[in-house]
Amino acid sequence: MLEKNYDAAAVEPRIYAAWESAGAFKAGAGARGGAPYCVVIPPPNVTGSLHLGHALDNTLQDILVRYRRMLGRDVLWQPGTDHAGIATQMVVERQMMERQEPNRRDIGREKFLEKVWAWKGESGGQIINQLKRLGASADWSRERFTMGERGKADDQMVRVVTKVFVELYREGLIYKDKRLVNWDPKLQTAISDLEVEQVETKGKLWHFRYPIEGRTFDPEDRSTFIVVATTRPETMLGDTGIAVNPEDERYKDLVGKFAILPLVGRRLRIVADDYADPETGSGAVKITPAHDFNDFEVGKRAGLPTVNIFDREANVVLAGNADFLSGVPASEELTASTAALDRQDRFTARKRVVEMLEARGLVEKIEDHLHTVPHGDRSNVPIEPYLTDQWYVDAKTLAAPAINAVREGKTSFVPKNWETTYFNWMENIQPWCVSRQLWWGHQIPAWYGPKKWQGKLSFFSNSAEAESFVALSEAEAIAAAEKKYGTKVVAVRDSRDALLHFVEHGKANDEIAIYRDEDVLDTWFSSALWPFSTLGWPEETPELARYYPTSTLVTGFDIIFFWVARMMMMGLHFMKEVPFRDVYIHALILDEKGQKMSKSKGNVIDPLSLINTYGADALRFTLASLAGQGRNIRMSAQRVEGNRNFVTKIWNAAKFAEHYDCRRVAGFDPAGAKETLNRWIATETTRAAAATTAALEAYRFNDASAALYRFVWNLLCDWYLELAKPVLNGEDGPAKDETRATVAWVLDRTLALLHPVMPFLTETLWQERGGAGLLILAEWPAPQFEDVAAADEINWLIELIAAIRSVRSEMNVPAAAMVPLAVSGAAPATAARLERHDAVIRRLARIEAIAAADRPEKGSVQIVVGEATYAFPLAGIIDFAAERARLQRQLDKTAKDIAGIGAKLNNAQFMAKAPEEVVEEQRERLTEASALKARTEAALAWLG
RNA sequence: GGGCGGUUAGCUCAGUUGGUAGAGCGUCACGUUUACACCGUGAAUGCCGGGGGUUCGAGUCCCUCACCGCCCACCA
């Protein structure tokens with residue numbers, strides 16, 4: 001016996017356990033032939049928790065995977081998690097701070113990493129369990145982590161990354177370079193362009209006067225200074241030049257001359273460069289090559305020196321800064337400003353610089369200025385362009401094949417317009433900075449040792465100047481080093497130990513120490529390898545052979561650049577084949593007001609609480625039905641509640657079947673059914689199956705859920721089960737048996753069609769109804785039966801009942817009243833239909849008896865359906881004026897239709913140019929409408 | 001500045017080759033029916049953002065304007 005209501009919370013864990021213990025999620029489970037189908041999960045952050053974006057992403061993947069599995073395909077849904085370098089390291093550091101423990105630099109790398117691994121072990125399972133709550137049918141036995149089991153060198157997931165790095169290095173596609181990077185002063189690491197967010201900020205534009213060398217500064221005499229504007233006064237300490245446009249007449253004679261940098265005294269060469277825009281500001285721009293990307297380029301072109309004034313935390317460092325002092329004659333002013341500004345953070349320094357310049361009359365004006373300031377997407381502090389040595393991937397070279405692959409259709413985006421976004425970015429791609437000054441991540445496989453300088457081996461603390469050995473392992477690096485140096489080589493922990501070692505052994509030259517690059521790789525570097533790393537590469541595993549290229553990638557548009565593009569590049573380079581055939585891009589989830597969900601706004605809807613309240617299936621159905629939306633999805637609990645009602649509706653349909661003892665009949669085939677009603681619902685089942693299948697094949701999840709919703713609620717429940725009641729409540733016999741069997745047959749197929757979207761409910765009912773085996777591994781329904789005549793007949797029946805109900809309601813006929821119905825003008829076929837469906841019409845339309853009549857009784861309400869007129873004699877009950885008005889309204893509408901259609905048919909152009917079938921359709925509509933009009937007129941006349 | 005979306009019922013959104021405007025929610029009225037009140041029946045509501053064009057015919061194709069949103073680049 002089915003319970004009164006479906007209890008999702010009680011059922012879901014049990015069903016999930018049943019699937020798992022049956023091995024239903026395992027790669028290839030239940031495969032019955034056909035091509036393999038593989039999806040790799042976008043690995044969530046290992047220590048994260050499930051949000052609605054994950055819920056959407058994984059629901060869609062699960063739908064695809066369950067559908068393919070039921071088709072009998074060899075399915076692998078490859079799961080796993082991401083180590084999420086910065087994010088995870090930040091969480092652990094925050095914990096340490098909250099517990100008032102010593103920070104990571106105090107405890108050192110090894111101890112810190114132990115803590116992160118411990119945290120991973122503690123919270124790493126959470127998100128996987130949450131995915132299970134959602135019903136995700138991934139092959140958990142194959143779960144992978146981007147850093148492997150222990151992050152050790154011999155771990156496959158680590159070997160993959162190392163091998164890729166080393167091979168790209170040897171091919172010249174990874175290199176070390178000294179240039180400006182986006183530096184995050186809070187996290188103290190370089191970040192890539194993509195991790196920088198532009199934040200619109202209300203700032204100021206300061207206009208400063210820089211005295212011209214050799215002229216005595218006089219604020220009243222504009223020939224004694226040059227005005228430059230800046231949004232960042234503090235960086236003036238690093239100015240090394242001034243640029244003006246070569247075409248700018250105002251400054252022509254100043255080119256080649258020098259200005260004197262206030263507070264410092266540095267000589268600034270005035271150079272001509274196109275970068276300076278005469279229209280902007282004063283037309284002269286100060287050049288700070290160490291702290292601005294554009295200035296860096298100008299400085300390079302003009303041969304200006306680079307003066308860095310910041311340390312890693314973006315504090316001003318002047319004292320003892322050789323760059324800052326180079327060539328600047330000591331002066332009282334320099335000493336004073338150095339003392340005042342040294343060790344200030346950049347914002348304090350900014351204030352001080354302005355104050356000091358103002359005191360000297362060097363501030364021309366200060367304007368309000370709206371501009372965008374680059375911020376780190378994790379730290380949320382302004383980033384600094386900072387001159388460092390970093391590792392770069394030659395993305396431009398790798399992008400070329402990745403662009404072509406999409407051009408040639410080897411990989412397709414769905415929806416297709418995302419390809420434009422992909423191309424735009426890929427065609428303008430910049431070198432990818434992959435090194436991070438973090439500890440949690442894949443350590444870069446480069447080792448450094450002393451280098452020959454002026455004839456003898458010297459130790460360089462800057463790794464860029466050291467001898468480097470990029471190698472697959474420490475042993476390999478040592479071997480390479482030994483070959484290079486011709487001496488015994490040992491590996492030590494870090495550059496400090498290497499220096500100590502060098503000091504100790506340098507003289508004897510009997511042993512040389514090398515040390516490993518302390519930086520780690522960008523998290524996205526390992527994510528980029530995910531489609532093949534998870535399948536076992538570099539080993540030639542059977543899984544790799546079978547499932548690569550994978551079939552579909554499902555992800556949000558926000559990580560097309562971060563992830564999709566990079567997987568394309570790496571996949572093509574190392575596997576010589578695209579990583580996936582289709583990329584399905586879905587929208588992002590917002591709250592019901594269209595706001596991005598965030599903890600600070602407090603508008604986050606937790607998918608787990610939705611699952612707890614409404615059940616996983618209701619959430620899944622909701623997400624699927626919203627998936628068609630373009631850019632963003634507005635989510636509210638109310639929608640989920642509505643779909644929970646749909647879950648209940650299905651549950652009650654199953655209860656109906658149980659109540660009327662509708663059991664599955666082995667070998668039942670609707671083709672042998674005699675009852676029109678049964679032939680009709682079988683036809684509709686075929687159509688629903690076809691619609692659902694087509695929608696899923698096309699990634700139209702919303703169409704699939706809409707088709708299922710409509711079929712189940714509006715056809716199966718609203719009509720078929722209602723229409724079947726008279727038979728099921730009637731006498732035993734073949735018609736009843738056939739109807740019971742049909743109900744069971746339809747229900748079974750319906751459950752199967754619903755299963756990918758609503759796995760828990762459908763599996764529960766499948767089991768309750770004594771289904772053979774598990775629904776998850778059952779066959780996807782593809783009924784072929786179709787009977788157009790039966791469909792026509794039942795549609796006529798539905799139309800008739802609906803029309804009677806409508807009129808009853810409009811005429812305020814009490815719902816309980818049983819009314820006689822008189823039919824006139826019915827053709828023999830219609831009369832036969834009325835006879836066949838007599839019981840149903842009487843039941844559903846509350847009719848006492850149906851009788852034929854030559855003409856409706858005077859004063860009765862008349863309904864026109866098809867060629868016949870149906871009347872209930874309601875004299876005395878009904879309001880004649882209202883009835884007349886109703887008929888008149890119908891007449892007006894019909895007349896309007898006729899006029900419209902007539903205009904078309906009388907239009908010679910239309911007749912000449914429209915396709916024959918369209919013309920024919922209009923003719924039919926005209927015939928029908930004319931008939932309706934005639935009968936309505938008759939009814940109106942008869943009413944008197 | 002470059003690119004991409006959006007503007008359809010009170011709300012949130014569908015609308016796939018151009019051929020009678022749809023759904024869910026909400027609203028209103030009525031509830032007879034032993035699957036279901038997490039329900040049933042019925043009803044109301046649309047210059048499909050504005051303008052122009054192509055076409056026999058445009059929510060759908062083209063141009064243009066307005067507003068909203070996102071992405072990329074840049075801003076001394």
Side-chain angles (χ1 to χ4, degrees), chain A residues 2 4-6 193-194 198 205-208 227-232 242-243 275-277 280-288 292-295 369-372 417-418 420-421 423-425 428 557-558 560-561 588 592 594 614 618 625-626 628-636 638-639 641-660 698 700 702-703 706 709-710 714 717-718 721-722 725 802 805-810 812-818 843-844 846 897 900-901 903-904 907-915 917-919 921-922 925 929:
Chain A
L2 293 175
K4 178 157 172 30
N5 273 316
Y6 172 60
D193 299 344
L194 286 175
Q198 301 294 336
L205 192 59
W206 286 268
H207 296 252
F208 295 152
V227 173
V228 293
T230 181
T231 54
R232 304 207 44 203
I242 291 174
Y275 169 68
D277 175 8
T280 307
S282 66
V285 54
K286 70 189 208 51
I287 300 298
T288 322
D292 182 282
F293 289 102
N294 288 311
D295 291 8
H369 185 64
L370 192 67
H371 62 145
T372 57
N417 54 302
W418 288 111
T420 313
T421 305
F423 290 137
N424 283 346
W425 190 70
N428 297 300
F557 61 79
D558 53 333
I560 291 177
F561 304 149
L588 301 186
E592 52 202 306
Y614 302 111
S625 68
L626 294 172
Q629 299 181 13
R631 288 292 173 116
N632 34 50
I633 293 174
R634 296 191 189 195
M635 184 71 182
S636 70
Q638 194 189 30
R639 286 173 181 277
E641 184 179 335
N643 289 318
R644 187 273 320 267
N645 297 349
F646 181 48
V647 168
T648 308
K649 191 73 181 175
I650 299 164
W651 181 258
N652 282 309
K655 274 173 67 183
F656 177 102
E658 184 182 71
H659 182 261
Y660 288 101
R700 300 189 60 102
N702 57 321
D703 284 353
Y709 188 96
R710 179 181 303 236
N714 302 120
C717 293
D718 285 352
L721 297 185
E722 292 301 327
K725 276 178 185 172
R805 282 170 167 174
S806 174
V807 167
R808 285 180 64 118
S809 169
E810 230 172 313
N812 292 318
V813 177
M818 298 295 277
R843 179 191 172 93
L844 296 188
R846 301 295 291 168
D897 284 352
I901 303 162
K904 269 190 190 173
N907 183 332
Q909 297 280 16
F910 174 76
M911 297 305 283
K913 295 191 178 175
E917 70 236 37
V918 172
V919 175
E921 202 182 309
Q922 297 299 321
R925 280 185 61 206

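Letters go in sequence order (proteins before strands), and every chain restarts at 1. Remember, it's a predicted structure, so these values are computed and weren't measured experimentally.
Heavy atoms of A/A276 sit under 4.0 angstrom from at least one base atom. A/R808 comes within contact range of no nucleotide atom at all, as no heavy-atom separation falls under 4.0 Å. Using a 4.0 Å heavy-atom criterion, one finds that A/T231 contacts the sugar-phosphate atoms exclusively. Residue contacts shown for A/N428 are absent, as no nucleic acid heavy atom lies under 4.0 Å away. Looking at heavy-atom distances under 4.0 Å, A/L588 makes no contact with the nucleic acid at all. Here A/A284 lies in heavy-atom contact (under 4.0 Å) with a base. Among the protein residues, A/R232 comes within range of no part of the nucleic acid, since none of its heavy atoms lies under 4.0 Å from any strand. Heavy atoms of A/V918 sit under 4.0 angstrom from at least one base atom.
Straight-line distance between the C1' atoms of B/C71 and B/U12: roughly 24 Å, to the nearest whole Å. With P as the reference atom, B/C39 and B/G53 are 50 Å apart, rounded to whole Å. Comparing B/U55 with B/G3, their C1' atoms sit 31 Å apart, to the nearest whole Å. Look at the P atom in both B/G31 and B/G69: the space between them is 48 Å, to the nearest Å. Here the separation of B/A73 from B/C4, taken at their C1' atoms, is 15 Å to the nearest Å. B/A58 and B/G19 have their C1' atoms separated by 10 Å, with the value rounded to a whole Å.
In this structure, B/A29 and B/U41 make a Watson-Crick or G-U wobble pair, each of the two defining distances being under 3.5 angstrom. Shown here, B/U34 forms no base pair; nothing in the strands shown gives a Watson-Crick or G-U wobble contact with both key distances under 3.5 Å. Base pairing analysis places B/C61 opposite B/G53; the two distances defining the Watson-Crick or G-U wobble pair are each below 3.5 Å. Pairing for B/C67 goes to B/G6, judged as Watson-Crick or G-U wobble with the two contacts each under 3.5 Å.
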For each nucleotide in nucleotides 2-9 of chain B, reading 5' to 3', give B when a protein heavy atom comes within less than 4.0 Å of its base, S when such contact involves only the sugar-phosphate, and - otherwise. -SBS----

Classify every nucleotide of nucleotides 28-47 of chain B by which part a protein heavy atom approaches to under 4.0 Å, writing B for the base, S for the sugar-phosphate alone and - for neither, in 5'-to-3' order. ----BS-BBSBSSSSS----

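Annotation: the span from A/W418 atom CH2 to A/F557 atom CZ amounts to 5.0 Å, rounded to 0.5 Å.
Atom CZ of A/R925 and atom P of B/G57 are 17 Å apart (whole Å). Regarding A/F557, its CZ atom lies at a distance of 11 Å from the P atom of B/C72, rounded to whole Å. Note: CZ (A/R639) to P (B/C13) measures 7 Å, nearest angstrom.
Map A/G281 and A/L194 each onto its nearest nucleotide of RNA chain B; the residue landing nearer the 5' end is A/L194. Nucleotides of RNA chain B nearest to A/Q909 and A/L370 differ in position, and the one nearer the 5' end is that of A/Q909.
The side chain of A/H371 lies closest to B/A76 when the candidates are B/A14, B/A76, B/C25.
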Provide a list of protein-nucleic acid N or O atom pairs under 3.5 angstrom, restricted to nucleotides 58-63 of chain B.
none

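With sequence neighbours excluded, no residue forms a salt bridge (charged side-chain N to carboxylate O under 4.0 Å, His left out) with A/E921. Take A/K725 and apply the salt bridge (charged side-chain N to carboxylate O under 4.0 Å, His left out) test, not counting sequence neighbours, and it matches A/E722. For A/D703, the salt bridge (charged side-chain N to carboxylate O under 4.0 Å, His left out) partners are A/R700, not counting sequence neighbours.
Neither OP1 nor OP2 of B/A23 sits under 4.0 Å from any side-chain N or O of A/R710.
Aromatic ring pairs are classed by plane angle as parallel below 30°, tilted from 30° to 60° and perpendicular above 60°; the pair A/W651 and A/Y6 is tilted.
Side-chain contact between A/L194 and A/W425 is present, with heavy atoms from C-beta onward closer than 4.5 Å.
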